[in-house]
S.K.: 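Please find one structure pasted underneath; my questions will follow.
Computed over heavy atoms, backbone and side chain alike; hydrogens, waters and symmetry mates excluded. So you know, we letter chains A, B, ... as the sequences are listed, proteins then strands, and number each from 1.
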Amino acid sequence: MSKHLSLWLFFAVVILLNNSAFGQKSTKVLTLEDIYKNNLYSAKGFGAIRWMKDNAGYSTIENNASSQGNEIVRYEGRPS
Amino acid sequence: MSATQLTPTGASKSLVIANYSWSEDNTKLLIFTNTRKVWRQNSRGDYWVLDLQTNKLSQLGKGLEEATLMFAKFSPDGTRAAYVSKLNIYVEDLISGKSTKLTTDGGGNIINGTFDWVYEEELDCRDGFRWSPDGKNIVYWQSDTKNVGTFYMINNVDSIYSKPIPLPYPKVGTANSAVKVGVISALGGETEWFNVPGDPTNNYLARMEFIPASDEVMIQQLNRLQNTNTVWIGNTKTMALNIILTDKDAAYLDLHDNIVWLENNQSFTWTSEKDGWLHLYKMSRDGKQSSVITKGNFDVVNINCIDPKGGYVYYIASPENFTQRYLYRSRIDGKGEAERVSPKNLAGQHSYQISDDAQYAIHTFENATTPRRISLINLNTHTEIKLLQDNADLKTKMKELALRPKEFFKVDIGEAVLDAWIIKPKSFDPKKKYPVIFHVYGEPAGSTVQDNWGTGDNFWHQYLANQGYVVMSVDNRGTKVPRGRDFRKCIYRQIGLLAADDQAKAAKKIITMYPFVDAKRIGIWGWSGGGQMSLHCMFRHADVYKTGIAVSFVAHQTLYDNIYQERYMGLPSDNVEGYREGSPVTHAGKLKGNLMIIHGTADDNVHYQNFELLANELIKNNKLFSMLSYPMRDHGISQRENTTLHMRRSMEKFWKDNL
């Protein structure tokens with residue numbers, strides 16, 4: 001039993017390693033359409049952040065899902 | 001500030017915020033929206049002010065044409081805003097809404113409060129006015145483009161008759177705009193001009209900033225060769241000028257913006273490469289005494305924060321690995337050694353937006369296999385307070401694609417050991433032979449071998465690797481990397497020559513390093529400066545490269561703008577041989593391999609004439625080649641429907657047919 005468990009663990013580790021980033025078996029194909037037309041692989045940034053004067057917190061641009069507009073959110077005080 | 005607060009009266013949607021700024025007292029917001037592109041950046045649009053005390057949202061410049069406002073800024077006391085519209089400067093009272101047009105001569109050849117094409121592209125000058133610290137005056141740049149030559153682009157596709165598009169553009173060796181700096185009352189009136197010595201068309205007034213809480217401005221004046229920076233202090237009351245510093249370099253000087261005034265304005269920070277590395281110095285106000293703040297055999301890549309209260313300067317450097325970036329700090333008094341702030345267990349590139357008191361930062365980390373992770377951190381402990389963006393969905397997609405990681409390595413070409421990377425095909429077998437595609441930039445404005453997530457080309461190169469190509473890139477000498485002054489500036493007066501020779505030497509060395517490289521199937525491609533470098537490699541090293549693609553390239557260096565090209569090559573009259581030999585078109589008759597050239601016909605930066613000049617020369621020399629022009633696309637070749645995909649598919653086909 002313990003031998004079978006060890007073997008199972010061994011295969012599990014192999015499968016996990018194979019599925020780690022840049023190491024796993026491919027399930028999808030990279031296409032020019034997905035890169036340049038569907039724009040699937042662009043890294044996202046974060047809305048412009050401003051440190052407030054006098055170290056009074058910071059503000060960011062964030063999306064409001066309910067209004068579907070963007071808003072400026074101010075975080076007052078010292079971040080914690 | 002909710003979307004409701006940011007919705008103008010009568011509108012159904014809130015403003016789309018492109019950018020914003022706070023008044024000094026944090027009671028008013030200035031919002032930039034409805035933006036339009038001016039050459040490279042979206043620098044014009046509409047501005048709105050939200051008064052948080054009255055909850056009133058008001059548009060600036062009512063009555064002016066839509067989306068024509070630029071660089072709006074609150075006055076120091078927050079009661080007014082100043083902006084540029086259609087090349088004139090305005091000041092608007094935020095309570096009454098009354099605006100005053102300070103300048104009236106803008107338009108035609110006269111540009112007030114912003115800059116011409118070449119100042120923007122090569123000196124990074126866009127916002128061309130400043131409020132005085134007391135809010136009484138505006139100091140601004142004015143450019144007169146009268147003597148600048150006009151380049152015409154032609155629009156053949158949007159009407160039945162062709163339409164010429166004029167662009168004042170100073171080519172190498174030709175006249176610049178006459179540029180001056182003046183002071184005008186924020187209430188209106190006559191402008192008083194600083195009488196900066198020297199021909200205004202043969203010197204560059206590249207920087208001007210107020211010295212804090214004073215009536216004085218610091219003006220940086222570069223000479224035409226850009227190897228001397230004369231630093232003036234100008235008094236906006238008396239208009240008197242005094243030289244406080246003259247910086248020189250045997251090759252050229254880069255502009256640096258890391259100036260902070262210290263010790264009651266008696267000293268300031270200044271960057272210099274005078275000891276062979278780019279370091280920050282503390283200079284006395286008279287420029288006579290200087291002491292180094294950041295010291296050691298490494299370059300300061302950029303300054304993030306100078307904190308006089310805490311006594312430290314924070315900056316990005318990477319003394320041991322030129323492809324990575326880390327935050328360091330040094331004491332402003334110069335004592336002690338540089339301390340690394342970025343954690344040692346995160347190898348890659350770090351960047352920071354640091355709070356004024358240097359206690360907190362927005363931290364961005366990335367490397368070649370990790371997309372940007374953005375978080376709010378406590379800078380003292382470098383611990384994460386809040387995750388803002390980790391691109392988790394992109395990481396999932398990456399896993400699903402099972403791409404091979406970019407691997408970094410070094411190439412010893414004798415004169416230097418160069419940084420490089422390689423991406424191998426998915427089913428790579430070291431016993432097989434593979435064609436290689438090199439990606440090159442090679443010029444002083446950039447680098448391709450960086451341990452960062454990078455741009456869309458990452459996936460393009462991964463795609464090519466999936467098609468069975470080995471993809472590589474090498475940073476030759478002269479690229480923008482933190483390897484010291486001499487590494488960067490050894491290409492002075494020989495752009496395109498030493499760099500392309502380094503690339504060819506590196507390719508030859510790599511052939512001996514890796515048995516899986518098929519020496520008969522070496523390709524190279526690049527964009528802009530990289531297009532020029534690809535052409536040099538295809539023409540002057542035709543024995544090495546079988547196939548090349550050059551995009552948006554310079555064919556003859558005299559066709560590019562004067563500020564960039566003369567900085568690295570000197571004046572054409574002083575370097576006839578360098579300009580001739582350094583221009584790919586000179587060597588077009590040496591082409592042996594397969595060449596594809598690609599260009600946008602509305603490229604305002606590297607003009608389409610480069611494409612036609614080279615095509616003409618290749619035809620004259622009976623050389624067969626492929627060419628692809630994109631009507632009314634600019635230097636980035638991305639406008640109009642399906643352009644990017646079409647171009648990449650065309651490039652893929654060319655590689656598959658010819659390499």
S.K.: With respect to chain A, which residue among I354(B), T364(B), D390(B) yields the maximal number of heavy-atom pairs within a distance under 4.5 Å?
M.R.: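 Of I354(B), T364(B), D390(B), I354(B) has the most heavy-atom pairs under 4.5 Å with chain A.
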
S.K.: Indicate yes or no: does D127(B) engage K73(B) in a salt bridge with an N to O separation below 4.0 Å.
M.R.: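 The answer is yes: the pair qualifies as a salt bridge.
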
S.K.: With a 4.5 angstrom heavy-atom cut-off, which part of K37(A) approaches chain B: side chain, backbone, both or neither?
M.R.: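 It is the side chain, since no backbone atom gets that close.
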
S.K.: Quick check for you: among N642(B), I17(B), N19(B), which has the greatest number of heavy-atom pairs under 4.5 Å with chain A?
M.R.: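 Winner by heavy-atom pair count: I17(B).
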
S.K.: Please classify the contact of S42(A) with chain B as side chain, backbone, both or neither, using a heavy-atom distance under 4.5 Å.
M.R.: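 Just the backbone, heavy atoms under 4.5 Å.
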
S.K.: Does any heavy atom of chain A fall under 4.5 Å from the side chain of E366(B), the backbone, both, or neither of them?
M.R.: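 Neither part; nothing is under 4.5 Å.
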
S.K.: Okay, side chain of R633(B), backbone of Q639(B): is any donor-acceptor separation there less than 3.5 Å?
M.R.: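 Pair found, side chain donor or acceptor close to backbone of Q639(B).
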
S.K.: Heavy-atom pairs under 4.5 Å with chain A: which of R372(B), M647(B), K13(B) has the most?
M.R.: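 The answer is R372(B).
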
S.K.: For I362(B), is it the side chain, the backbone, both, or neither that has a heavy atom closer than 4.5 Å to a heavy atom of chain A?
M.R.: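 Both backbone and side chain of I362(B) come within 4.5 Å of chain A.
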
S.K.: Just by distance, do the side chain of Y20(B) and the backbone of A48(A) share a donor-acceptor pair under 3.5 Å?
M.R.: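 Such a contact is found between Y20(B) side chain and A48(A) backbone.
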
S.K.: Side chains of Y314(B) and Y352(B): closer than 4.5 Å at any heavy-atom pair?
M.R.: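 Counting from C-beta outward, Y314(B) and Y352(B) never come under 4.5 Å.
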
S.K.: Where does L645(B) contact chain A at under 4.5 Å (heavy atoms): side chain, backbone, both or neither?
M.R.: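 Looking at L645(B), backbone and side chain both touch chain A.
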
S.K.: Side chain, backbone, both or neither: which part of D25(B) has a heavy atom under 4.5 Å from chain A?
M.R.: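 Nothing of D25(B), per the 4.5 Å heavy-atom cut-off to chain A.
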
S.K.: Y463(B) side chain to E652(B) main-chain N or O, any donor-acceptor pair under 3.5 Å?
M.R.: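 The answer is no, because no donor-acceptor pair under 3.5 Å joins these two groups.
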
S.K.: Between D451(B) and Q349(B), do the side chains contain an N or O donor and an N or O acceptor separated by less than 3.5 Å?
M.R.: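 Q349(B) and D451(B) do not have a side-chain donor-acceptor pair below 3.5 Å.
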
S.K.: What's the shortest heavy-atom distance between D457(B) and Y36(A), and which atoms?
M.R.: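 Heavy atoms of D457(B) and Y36(A) come nearest at OD1-OH, 4.3 Å.
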
S.K.: Any idea which of T643(B), T644(B), L388(B), L29(B) has the most non-hydrogen atom pairs under 4.5 angstrom with chain A?
M.R.: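 Heavy-atom pair counts peak at L388(B).
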
S.K.: Just by distance, with hydrogens left out, do E62(A) and T60(A) show a side-chain donor and acceptor under 3.5 Å apart?
M.R.: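 Indeed, the side chains of E62(A) and T60(A) share at least one donor-acceptor pair under 3.5 Å.
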
S.K.: Between T369(B) and N367(B), is any side-chain donor less than 3.5 angstrom from a side-chain acceptor?
M.R.: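 Side chains of T369(B) and N367(B): pair found under 3.5 Å.
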
S.K.: Can you spot which of I35(A), L40(A), L32(A) makes a side-chain contact (heavy atoms from CB on, under 4.5 Å) with F459(B)?
M.R.: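 One option only clears the test, and that one is I35(A).
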
S.K.: Given a strict heavy-atom distance threshold of 4.5 Å, which part of T396(B) is in contact with chain A: side chain, backbone, both, or neither?
M.R.: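 Neither; nothing under 4.5 Å.
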
S.K.: Side chain from CB out, backbone as N, CA, C, O: work out which of these in A392(B) comes under 4.5 Å of a heavy atom of chain A, or both, or neither.
M.R.: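 Neither part.
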
S.K.: Measuring heavy-atom distances to chain A, does N466(B) have an atom under 4.5 Å in its side chain, in its backbone, in both, or in neither?
M.R.: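 Interface part for N466(B): side chain.
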
S.K.: Sort L15(B) into side chain, backbone, both or neither according to what part of it lies under 4.5 angstrom from a heavy atom of chain A.
M.R.: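 Backbone only.
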
S.K.: Side chain, backbone, both or neither: which part of N391(B) has an atom under 4.5 Å from a heavy atom of chain A?
M.R.: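 Contact with chain A involves the side chain of N391(B) alone.
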
S.K.: Name the region of I374(B), side chain, backbone, both or neither, that has any atom closer than 4.5 Å to a heavy atom of chain A.
M.R.: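 Contact with chain A involves the side chain of I374(B) alone.
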
S.K.: Indicate the atoms forming the closest heavy-atom contact of S12(B) with T7(B), along with that distance.
M.R.: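 Closest pair (atom of S12(B), atom of T7(B), distance): C-CG2, 4.5 Å.
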
S.K.: Is it the backbone or the side chain of I31(B) that comes under 4.5 Å from a heavy atom of chain A, or both, or neither?
M.R.: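 The side chain, not the backbone.
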
S.K.: Under a 4.5 Å cutoff for heavy-atom pairs, which residue among N378(B), D356(B), D357(B), L6(B) has the most contacts with chain A?
M.R.: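 Of the options given, most contacts go to D357(B).
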
